[in-house]
Amino acid sequence: MPRLTEHHCSQLPASVLRSDYRRDATPKVVHLGVGAFHRAHQAWYFHQLNTLQPGQPWMIVGASLRTPTACNQLNPQQGWYSHHAQSVSDTSHELIGSIQSVIDARAEPLRLRAVLAAPSTQLVTLTITEKGYCYDPAKGELAIDDPDVQSDLSSLERPVTALGYLLAGLQQRFIDGHGGLTVLSCDNLSHNGNITRRMLLTLARHHDAALAQWIDTHVSFPNAMVDRIAPAMSPAKLAEVSTILGLQDDAAVMTEKFSQWVIEDKFVGNRPALEKVGVTWVSDVAAWEQRKLRLLNAAHSGLACLGSWYGLSHVHEAVTSKLLGNLCQALWGEILPTLTVDDDFDADAYCKALEERFSNPHLQHALLQIATDSSQKLPQRILAPLAQRLEVGGQVSTLTYVVAGWM
């Protein structure tokens, strides 16, 4: 079967929505970590924005930091991929063109450094997982004993960590005398912008105090909350996409219809008009990220850590099973009292919507995928509300049940 490429875009079935805009425009966004979530979420939002303003698009250059997988998926397709949003009853199909190309960072570190330093680059976004920030939550500091961090502390010539690649690019930008930019974390990490800033400045101070001062003054790190369930693609899902398109698409993503992006309005340089496509700008994202981490992500971790033990494979199976069918409600009952009070937040409606999203059988969201790196995820999702409940003598049997499942 032929591979999806620029040549084949006009030949796709009428059911696949397409848009036209200047894909050869100089890119304004560099994204670190081009996985399924980025393609389902941030790249999708930029595609919607570019559709509205085709003459002035915000194009993305991606970077694959650890393996060339994303390069092999997207570059032969000139960055094109298909996006399939599924509800319980229907699916929409869309061709996405906001990614221009993907750099293999390990093979071409100087190319990534150059694009980060380019004056046209206004925004760096990251989806590198909680582990990628090299953050030690117990100490609240950079994990300087990590061998990868040690390598980047010694030299930035061939970075190893995402922070190292980012700092190398900002170092070149500083040397070249270009203006600042915005670094936007899109990971499920509480106060993700603040943590990114602290970890990066710690690394920068080891190399050059003047560079660290420049970053502190000229680079912004907004906090953000992202929400869209985007499971990893399986061979069966890719085969389903091939049937829909009549083409092979190695970069396709299947996700849910629901999507949300809340960003602290604290940008340096140009700011994309993402409010036109549903993004919410706020002065403080804390309440949004807290309820998402402690309700959606905590429930996901609970279902993953316990469902795997019971021989279950996917979220929709766990949430509807006799063994774990009441887990989410019990967990939320213990967590809800720990949330910041917000008169505009309807907790019952939010939790009911989560149950409906979790029950979607089309997503095939693997429990083992969610359970990966639980040691990085549980401190903010489970242990933080657990500690608050213990302080006031509250019921914690469900929270500790999840911890026991993880152990």
Please examine the side chains of [Y] and [X], heavy atoms only from C-beta on, and report whether any two atoms are closer than 4.5 Å.
| X | Y | answer |
| --- | --- | --- |
| I99 | L74 | yes |
| M254 | E240 | yes |
| E289 | S190 | yes |
| L363 | V315 | no |
| V30 | I60 | no |
| R23 | E6 | yes |

Quick check for you: to the nearest 0.5 Å, what is the distance between [X] atom [atom1] and [Y] atom [atom2]?
| X | Y | atom1 | atom2 | value |
| --- | --- | --- | --- | --- |
| L189 | L126 | CG | CG | 11.0 Å |
| L181 | L116 | CG | CG | 8.0 Å |
| H218 | T182 | NE2 | OG1 | 13.0 Å |
| S101 | R111 | OG | CZ | 5.0 Å |
| H31 | L184 | NE2 | CG | 10.0 Å |

ring-ring contact (aromatic ring centres under 6.0 Å, His included) partners of [X], counting only residues at least two apart:
| X | value |
| --- | --- |
| H316 | H314 |
| Y21 | H47 |
| H300 | F358, H365 |
| H84 | H93 |

I'd like to know if the side chain of [X] reaches the main chain of [Y], judged simply by a donor and an acceptor atom lying under 3.5 Å from each other, with no hydrogens or angles considered.
| X | Y | result |
| --- | --- | --- |
| N270 | Q122 | no |
| E317 | S313 | yes |
| S155 | S151 | no |
| Q42 | T125 | no |
| D208 | A210 | yes |

How about [X]: does its [atom1] atom have over 12 heavy atoms from other parts shown lying under 6.0 Å from it?
| X | atom1 | answer |
| --- | --- | --- |
| M407 | CE | no |
| K237 | NZ | yes |
| D20 | CG | no |

Would [X] and [Y] count as having a side-chain donor-acceptor pair, cut-off 3.5 Å?
| X | Y | answer |
| --- | --- | --- |
| D176 | Q172 | yes |
| N223 | N194 | yes |
| T69 | Q73 | no |
| S120 | T26 | no |
| Q248 | S242 | no |
| Q329 | E355 | yes |
| E94 | S92 | no |
| N188 | K292 | yes |

Who pairs with D187 by salt bridge (Lys or Arg N to Asp or Glu O under 4.0 Å), at least two apart in sequence or on another chain?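 Per chain and number, D187 pairs via salt bridge (Lys or Arg N to Asp or Glu O under 4.0 Å) with no residue.
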Among all residues two or more places apart in sequence or in another chain, which pass the salt bridge (Lys or Arg N to Asp or Glu O under 4.0 Å) test with E275?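 For E275 the salt bridge (Lys or Arg N to Asp or Glu O under 4.0 Å) partners, ignoring immediate neighbours, are R271.
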[X] to [Y] - nearest heavy-atom pair and separation:
| X | Y | answer |
| --- | --- | --- |
| C186 | F37 | O-CE2, 4.0 Å |
| V226 | H41 | CG1-CE1, 3.6 Å |
| T161 | V149 | CG2-N, 4.1 Å |
| P231 | A36 | O-CB, 4.2 Å |
| V183 | T196 | CG1-CG2, 4.0 Å |
| C134 | L163 | CB-CD1, 4.3 Å |

Could you name each residue pair satisfying ring pair (Phe, Tyr, Trp, His ring centres under 6.0 Å) that touches [range], not counting sequence neighbours?
| range | answer |
| --- | --- |
| residues 100-133 | none |
| residues 146-176 | F174-W214 |
| residues 276-298 | F267-W281 |

Quick test of your reading of the model: are R3 and D249 salt-bridged, counting only N-O distances below 4.0 Å?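 D249 and R3: not salt-bridged.
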With a 4.0 Å cut-off on N to O distance, would you call D342 and R291 a salt bridge?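 Looking at R291 together with D342, the answer is yes, because their closest N to O distance falls below 4.0 Å.
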Applying side-chain contact (heavy atoms from CB on, under 4.5 Å), run through R113 and Q171 and close with a yes or a no. CA-CA 9 Å; R113 182 183 180 110; Q171 182 186 57; 2.8 Å; yes
Under the side-chain hydrogen bond (donor to acceptor under 3.5 Å, both in side chains) test, which residues partner Q78, sequence neighbours left out?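 For Q78, no residue satisfies side-chain hydrogen bond (donor to acceptor under 3.5 Å, both in side chains) once neighbours in sequence are set aside.
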Please assess R357 against L296 for the test side-chain contact (heavy atoms from CB on, under 4.5 Å), listing each intermediate value before the final yes or no. CA-CA 10 Å; R357 293 168 65 191; L296 188 156; 3.5 Å; yes
Trace of the side-chain contact (heavy atoms from CB on, under 4.5 Å) decision for D152 with L167: CA-CA 9 Å; D152 287 346; L167 183 58; over 6 Å; no
Does NZ or CZ of R18 fall inside the cone over W80's six-membered ring, less than 6.0 Å from its centre and within 45° of the axis?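 No.
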Should R228 and E256 be marked as a salt bridge (Lys or Arg N to Asp or Glu O under 4.0 Å) after you check the CA-CA gap, both sets of side-chain angles, and the distance that decides it? CA-CA 7 Å; R228 193 170 213 178; E256 61 177 337; 5.9 Å; no
Enumerate the side chain to side chain donor-acceptor pair (under 3.5 Å) contacts for residues 375-393, please, sequence neighbours excluded, ordered by first and then second residue.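 Residue pairs with at least one partner in residues 375-393: E130-R381, R294-Q388, S301-R381.
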Sequence neighbours left out, what pairs pass salt bridge (charged side-chain N to carboxylate O under 4.0 Å, His left out) with at least one residue falling in residues 59-72?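 Found R66-D148.
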